[in-house]
There are 2 protein chains.
Amino acid sequence: MYYVYPHSLTIWLIYLVNIMASTTFSETELQILAAALEEFSMHGRQGARMQCIADRAGLNKALLHYYFRSKDRLYEEVFTYVFHTYFFQLADTLRAEGDFPTVLRAFIHRYVDMLNENPALPMFLLREVAEGAPVFSRRLPEIVQANPLGMPKLLLALFEESSRSGESRKTDPFQTLISIMGACIYFFAGFPIFSTLIPELRDRRDQLIEERKDHIFELVYYGLKPRTE
Amino acid sequence: MYYVYPHSLTIWLIYLVNIMASTTFSETELQILAAALEEFSMHGRQGARMQCIADRAGLNKALLHYYFRSKDRLYEEVFTYVFHTYFFQLADTLRAEGDFPTVLRAFIHRYVDMLNENPALPMFLLREVAEGAPVFSRRLPEIVQANPLGMPKLLLALFEESSRSGESRKTDPFQTLISIMGACIYFFAGFPIFSTLIPELRDRRDQLIEERKDHIFELVYYGLKPRTE
DNA sequence: GTCTATATCTCGATAGAC
DNA sequence: GTCTATCGAGATATAGAC
């Protein structure tokens with residue numbers, strides 16, 4: 001269903017079969033998954049209420065169990081969807097042609113746009129991690145096997161290459177990875193607090209998001225540039 | 001205990017009264033608050049279990065209700081503690097003497113250290129925000145009145161001043177604020193995922209945290225430096 | 001102040017009609 | 001496939017002994 005970029009023919013076949021399976025998600029199932037993502041990202045796996053998910057989806061509780069057996073299984077389906085969108089759908093930008101600043105800028109723009117369009121995604125993953133990442137840990141082997149090159153590894157490769165070629169100074173690529181992702185994500189996580197503390201910000205949200213892309217790019221690109229002094 | 005730097009006599013009195021009130025927390029109450037912070041930050045307000053909080057604190061459930069009436073009131077006490085630690089205890093670094101790079105470096109070092117020593121703090125606040133910030137919104141007026149100058153506003157002032165004096169280029173200080181805080185926080189939020197995807201990282205955690213401080217400082221300081229080209 | 005025992009209620013899950 | 005009604009586990013909260 002979710003096995004992307006398989007590494008062998010056997011896995012590839014499973015992958016195809018599963019793609020078929022996943023595209024057969026009915027309208028109702030998709031409604032439930034979307035509602036569940038909202039609810040889980042707001043209240044966590046334990047805090048989420050099946051009744052609220054049903055309400056959001058405009059259905060009744062019994063149907064949730066009809067389609068997804070249990071709350072835990074529903075959570076797992078949502079997790080799988082979120083994880084792939086977040087870590088692998090984003091990877092495409094990083095496979096694009098172009099020099100270091102071009103690829104870096106494209107990635108940041110796409111990442112901020114994705115976060116803006118799917119504000120529930122990062123919070124869903126952060127909660128999973130805060131809860132000790134039980135589903136993530138259990139699913140990891142199959143995820144990594146099926147996706148040897150996700151966004152994080154491609155980003156690391158980008159920084160390593162730019163260091164080697166002299167386009168950026170020598171730094172730990174992992175530190176840079178964290179700085180960029182943090183700078184992108186934290187706007188959406190922190191804005192509700194800051195816009196309450198500093199009310200002038202509230203009306204400028206869309207503008208701030210738009211300006212944010214180049215702000216991050218410039219901070220990182222020039223912050224990584226080799227220095228002469 | 002938490003109302004720092006009041007700006008008028010009236011507020012100052014409220015401040016003192018609150019210091020008195022808050023410092024009368026007994027050992028048992030502090031144990032409960034610490035256990036509750038852990039539990040709430042792992043499982044959220046609804047997902048947290050009173051039984052688990054009691055277990056963590058080495059007490060029984062009934063005592064939690066004896067000291068803090070209800071789960072909701074316990075949550076509010078934890079919130080107040082966390083918010084003040086997070087936003088106002090940190091502010092001291094920013095009132096220190098020194099030029100732009102000195103103050104900036106000191107803040108980043110202290111912030112990363114604080115996060116490292118209190119890993120539950122940011123997740124607790126992120127969850128509150130994700131749940132729609134109900135407690136935060138209700139408590140905001142008293143918080144802002146008692147703390148006109150918290151860490152966020154002092155950081156903004158630092159960036160504005162360095163822009164004006166020419167020590168950094170003209171940028172939106174709010175964007176820089178978000179980038180720095182995000183870069184600091186996201187290490188602790190994201191590390192569990194990345195160390196699973198890239199197992200080599202696991203053994204280098206402490207070293208990475210230590211190196212992280214100067215990495216962020218250099219990225220931001222040089223990323224903000226006026227450019228000649 | 002601290003504990004055990006219990007009341008009360010919420011929520012996940014199921015049975016069974018349609 | 002969809003719904004109503006309900007069971008039963010597990011949660012918050014309280015009563016009352018010590």
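Sequence lines set the chain letters: A, B, ... in the order given, protein chains first and strands last, and positions in each chain run from 1. Computation of the quantities below employed the complete heavy-atom set of this structure, encompassing side-chain atoms and omitting hydrogens, waters and symmetry-equivalent molecules.
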Worksheet entry | Nucleotide nearest Lys71(A) (side chain, heavy atoms from C-beta), chosen from dG12(C), dA13(D), dA11(D) | dG12(C)
Item to complete: Verify side chain to side chain contact (heavy atoms under 4.5 Å, CB included) between Arg205(B) and Ser195(B), making sure each step is shown before the conclusion.
Response: CA-CA 9 Å; Arg205(B) 189 172 194 274; Ser195(B) 66; over 6 Å; no
Discussion item. Among Arg127(A), Lys71(A), Arg56(A), which residue satisfies the salt bridge (Lys or Arg N to Asp or Glu O under 4.0 Å) criterion with Glu39(A)?
Written reply: Arg56(A)
Worksheet entry | Heavy-atom donor-acceptor pair, Asn118(B) side chain to Met114(B) backbone, under 3.5 Å | yes
Discussion item. Expressed as a whole number of angstroms, how long is the span from Met50(B):CE to dT4(C):P?
Written reply: 17 Å
Worksheet item: Under 30°, 30 to 60°, or over 60°: which ring-plane class applies to Phe194(A) and Tyr186(A), parallel, tilted or perpendicular?
Response: perpendicular
Fill in: Spacing between Phe68(B) atom CZ and dT14(D) atom P, to the nearest angstrom
16 Å
Discussion item. Which label fits Phe124(B) and Phe40(B): parallel for a plane angle under 30°, tilted from 30 to 60°, or perpendicular past 60°?
Written reply: perpendicular
Worksheet item: Can you check the Asp72(B) CG to dA11(D) P distance for me, whole Å?
Response: 17 Å
Item to complete: For the pair Asp172(A) and Arg212(B), find out whether any cationic side-chain nitrogen is under 4.0 Å from an anionic carboxylate oxygen.
Response: no
Worksheet item: According to the interplanar angle, ranging from 0 to 90°, do the rings of Phe187(A) and Phe174(B) count as parallel (below 30°), tilted (30 to 60°) or perpendicular (above 60°)?
Response: perpendicular
Worksheet, complete the sentence: Students should find that the end-to-end axis angle of the helix from dG1(C)-dC18(D) to dC18(C)-dG1(D), with five pairs defining each axis and rounding to 10 degrees, is 0°
Worksheet item: According to the interplanar angle, ranging from 0 to 90°, do the rings of Tyr75(A) and Phe79(A) count as parallel (below 30°), tilted (30 to 60°) or perpendicular (above 60°)?
Response: parallel
Item to complete: Check the distance between dA13(C)'s C1' and Gln51(A)'s CD and give it to me in whole angstrom.
Response: 13 Å
Worksheet item: Could you state the CZ-P distance from Arg73(B) to dT12(D), rounded to the nearest angstrom?
Response: 17 Å
Fill in: Ion pair Glu76(B)/Arg138(B), N-O distance below 4.0 Å
yes
Mind listing the N/O atom pairs, protein and nucleotides 1-4 of chain D, below 3.5 Å?
{"residue": "dT2(D)", "atom": "OP2", "partner": "Tyr67(A)", "partner atom": "OH", "Å": "2.5"}
{"residue": "dC3(D)", "atom": "OP2", "partner": "Asn60(A)", "partner atom": "ND2", "Å": "2.6"}
{"residue": "dC3(D)", "atom": "O5'", "partner": "Asn60(A)", "partner atom": "ND2", "Å": "2.9"}

Worksheet item: What parts of residues 40-48 of chain B reach DNA chain D, counting only heavy atoms under 4.0 Å away?
Response: Ala48(B)
Practice prompt. Compare side-chain N and O positions of His65(B) against OP1 and OP2 of dT14(D) and report whether any pair is under 4.0 Å apart.
Written response: no
Worksheet entry | Carboxylate-amine/guanidinium proximity below 4.0 Å for Arg110(A) and Asp113(A) | no
Fill in: NZ/NE/NH1/NH2 to OD/OE distance under 4.0 Å, Lys61(B) and Asp55(B)
no
Discussion item. Can you see if the side chain of Arg49(A) gets near the phosphate of dT10(C) - specifically, an N or O under 4.0 Å from OP1 or OP2?
Written reply: no
